[in-house]
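Report on one structure; see the data block that follows.
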Amino acid sequence: MRLSAWCVCCSVPGRIIIVPELPEVESLAADLRERAVGRVIDRADIAEFSVLKTYDPPLAALHGAELKDVARHGKFLDLITTPAAPAAPGRSLHLITHLARGGWLRWREDLPDQPPRPGKGPLAFRLRFSDGAGFDLTEAGTRKRLAVYLVSDPAAVPGIASLGPDPLSPEFTPEVLGRLLAGRRTQIKGVLRDQKLIAGIGNAYSDEVLHAARMSPFRLASSLTPADVAALHDVIVTTLHSAIERSAGLAASELKREKKAGLAVHGRTGEKCAVCGDVIREVSFADSALQYCATCQTGGKPLADRRLSRLLK
Ligand SMILES: [Zn+2]
């Protein structure tokens, strides 16, 4: 029996939305770097008023600026521009976006000259370069959380200023992970997803990491031995790197399919675990669900799912 596979974004059963996490944002950054660095910005427009979280400088300040590089901070994408007028004492501006749960970036070779009309469909934001190419930021679902910021310093974005270490950076060592977990009497699943502790891992990759580490999502962080921490560190780095490698060279439009295909347990409730053949189970919460394999991760004992037990009463 296939249990409920439901969308983490809008809770619609049978519909799974791929939420961008570190590997996807890293791949989007690489794709955008390849396509767009060196292009000059023609205009930036919002199509959904709530997405723009800053007002000074205005989006019009990007007009005439050149895209210099594309970076990533956790799950934030950072488009770094050179000042529009090099002779003037202009500032280098960062156009930063967080795609949230239902957001995505679509590259388009030929965008209309006119700005998009606000309030129509999933379009949230559009950036057009002077040659007519550019990208749309779209957001599916009803909860609009996609965010765009225009700042001169990325640290001015609250979610970036508070980010924990990036698991792909050399600073993220087993010792650093050990210090993050020590004394923390919270479940490891929540710790892995906490952006203030480790940057970039969300619901999907925390499920994947814990499955690969053969660790219960409910295990208390403080209970990990140094050997457990070293093994978990290795799995975090390997899982994220292999997801990035799988998506290397793929265009934004292909990344979602690749992510879904590469997941071993996340979003696969009711399917067979590829490692042991047991059924993949889920625990649901108010606005999300986790997936795991009992044989691989919890000694064969299913975790309590309050929603499921309520339904069975
Ligand atoms: Zn298994």
Side-chain angles (χ1 to χ4, degrees), residues 1-8 11 13-24 167 174 177 181 186-194 198 200-247 255-285 287-312:
M1 182 184 72
R2 184 171 167 82
L3 291 171
S4 61
W6 54 292
C7 171
V8 291
S11 304
R15 181 167 165 218
I16 295 263
I17 284 201
I18 297 300
V19 180
E21 297 179 33
L22 185 155
E24 292 72 48
L177 178 62
L181 303 181
T186 44
Q187 292 168 350
I188 188 72
K189 167 78 181 175
V191 170
L192 291 178
R193 286 183 69 181
D194 187 339
I198 303 170
I201 300 176
N203 197 25
Y205 286 104
S206 54
D207 278 353
E208 296 299 298
V209 162
L210 291 169
H211 179 252
R214 304 180 73 86
M215 192 177 285
S216 168
F218 287 179
R219 185 151 170 204
L220 292 184
S222 57
S223 76
L224 269 67
T225 66
D228 293 333
V229 172
L232 183 63
H233 177 272
D234 186 51
V235 167
I236 291 172
V237 174
T238 314
T239 302
L240 296 175
H241 271 299
S242 59
I244 291 169
E245 272 163 35
R246 278 198 307 273
S247 47
L255 282 173
K256 285 195 202 186
R257 199 175 27 206
E258 179 51 47
K259 174 171 183 177
K260 197 172 173 189
L263 297 173
V265 284
H266 184 77
R268 298 198 178 278
T269 307
E271 296 179 27
K272 268 188 181 172
C273 170
V275 176
C276 71
D278 193 1
V279 65
I280 294 165
R281 293 175 165 83
E282 83 174 18
V283 179
S284 53
F285 304 95
D287 64 348
S288 69
L290 67 80
Q291 281 88 33
Y292 70 103
C293 167
T295 297
C296 290
Q297 296 174 254
T298 58
K301 195 168 170 276
L303 297 168
D305 182 341
R306 275 183 291 169
R307 185 187 64 158
L308 202 56
S309 39
R310 206 170 52 232
L311 288 175
L312 293 175

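Remember, it's 1-based here, ligands and their atoms both numbered in the order they're listed. Since the model is a prediction, treat every value here as computed from it, not as a measurement.
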Note: R281-D305 ion pair, threshold 4.0 Å (strictly below) = no

Metal check, the Zn ion (ligand 1) vs H211 N/O/S, cut-off below 2.8 Å |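 Given the 2.8 Å cut-off, H211 does not count as a ligand of the Zn ion (ligand 1).
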
From L240 CG over to Y205 OH, what is the distance, rounded to the nearest 0.5 angstrom?
->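 So the CG of L240 and the OH of Y205 are separated by 7.5 Å.
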
Apex the Zn ion (ligand 1); atoms C273 SG and C293 SG; angle rounded to 10 degrees =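 The two atoms subtend 110° at the Zn ion (ligand 1).
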
Angle subtended at the Zn ion (ligand 1) by SG of C276 and SG of C296, nearest 10° =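 Angle SG(C276)-the Zn ion (ligand 1)-SG(C296): 120°, rounded to 10°.
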
Should L210 and V265 count as side-chain neighbours, where that means a heavy-atom distance under 4.5 Å?
-> no

Note: N203 and S288 closest approach over all heavy atoms is ND2-CB, 4.1 Å

